[in-house]
Amino acid sequence: MMKKEILLLLTFILPLISFSQKIYSVEYGNQADVKVYVVEYENQCDLKVFKVDYSNQADGNRGLWYFVEYANQADKKIFFVDYANQSDLKIYFVKYQNQAGWADKSKQHLLY
């Protein structure tokens, strides 16, 4: 009986707390989970993103993105749009890892 309860707990709770940010950039908007626009200035963004070099560095929903080679490796598929009004999420790429994070936490659900 105890094994079933643990298994149920892991099945429902683990996905809520174990989310990483392995990203794949798709060719077409209809393939994407999230449409993204890269803003010119930091104060215009919803999320400040830092591109990490290794997948194990992209833990949590904190703006640390690792771009994977294949769609099936990704947690989220994104499409870069040409105009801000076409996007679900506006991002700004930062130079340093400690600068990454959410500017608008109301959009955080898009990357869970």
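For this chain, numbers begin at 1 and follow the sequence in order. Reckoned from all heavy atoms, side chains included, excluding hydrogens, waters and symmetry mates.
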Quiz item: Pairs in or reaching into residues 36-45: which pass salt bridge (Lys or Arg N to Asp or Glu O under 4.0 Å), with residues at least two apart or in two chains?
Solution: E42-K48

Practice problem: Return the set of residues passing salt bridge (Lys or Arg N to Asp or Glu O under 4.0 Å) with K90 (not counting sequence neighbours), or none when no residue passes. | Solution: none

Quiz item: Nearest 0.5 Å, what's the OG-CZ distance between S25 and F80?
Solution: 5.0 Å

Quiz item: For residues 65-74, which residue pairs qualify under salt bridge (Lys or Arg N to Asp or Glu O under 4.0 Å), counting only residues two or more places apart or in two chains?
Solution: none

Quiz item: At their closest point, which heavy atom of S87 faces which heavy atom of V36, and how far apart are they?
Solution: CB-C, 4.1 Å

Quiz item: What are the two closest non-hydrogen atoms of A74 and I23, and how far apart are they?
Solution: CB-C, 4.1 Å

Self-check item: Partners passing side chain to side chain donor-acceptor pair (under 3.5 Å) against D104 (at least two apart in sequence or in another chain)
Solution: S106

Self-check item: Atom pair CG/NZ of L64 and K22 - distance to nearest 0.5 Å
Solution: 13.0 Å

Exercise. Enter the distance from K76:NZ to D33:CG here, rounded to the nearest 0.5 Å.
Key: 5.0 Å

Practice problem: Measure the CG-OH distance between D75 and Y24 for me, rounded to the nearest 0.5 Å. | Solution: 14.5 Å

Quiz item: Can you tell me how far the CD atom of Q108 sits from the CG atom of D46, to the nearest 0.5 Å?
Solution: 11.5 Å

Quiz item: What is the minimum heavy-atom distance between W65 and I91, and which atoms define it?
Solution: CZ3-CD1, 3.9 Å

Exercise. Flag the pair L111 / Q21 as yes when at least one side-chain heavy-atom distance between them is below 4.5 Å, and no otherwise.
Key: yes

Quiz item: Do V52 and F50 have side-chain heavy atoms sitting under 4.5 Å apart?
Solution: yes

Side-chain donor/acceptor pairs under 3.5 Å, residues 92-103, sequence neighbours excluded:
| residue | atom | partner | partner atom | Å |
| --- | --- | --- | --- | --- |
| Q99 | OE1 | K95 | N | 3.3 |
| Q99 | OE1 | Y96 | N | 3.0 |
| W102 | NE1 | N61 | O | 2.9 |
| W102 | NE1 | N61 | OD1 | 3.3 |

Quiz item: Once you round to the nearest 0.5 Å, how far does CZ of R62 lie from CG of L47?
Solution: 11.5 Å

Quiz item: Is the NZ atom of K35 crowded by more than 12 outside heavy atoms at less than 6.0 Å?
Solution: no

Quiz item: Looking only at heavy atoms, which two atoms of F79 and Y28 are closest? And how far apart?
Solution: CD1-C, 3.6 Å

Practice problem: Please list, chain by chain and in numerical order, all residues satisfying salt bridge (Lys or Arg N to Asp or Glu O under 4.0 Å) with D88, sequence neighbours excluded. | Solution: none

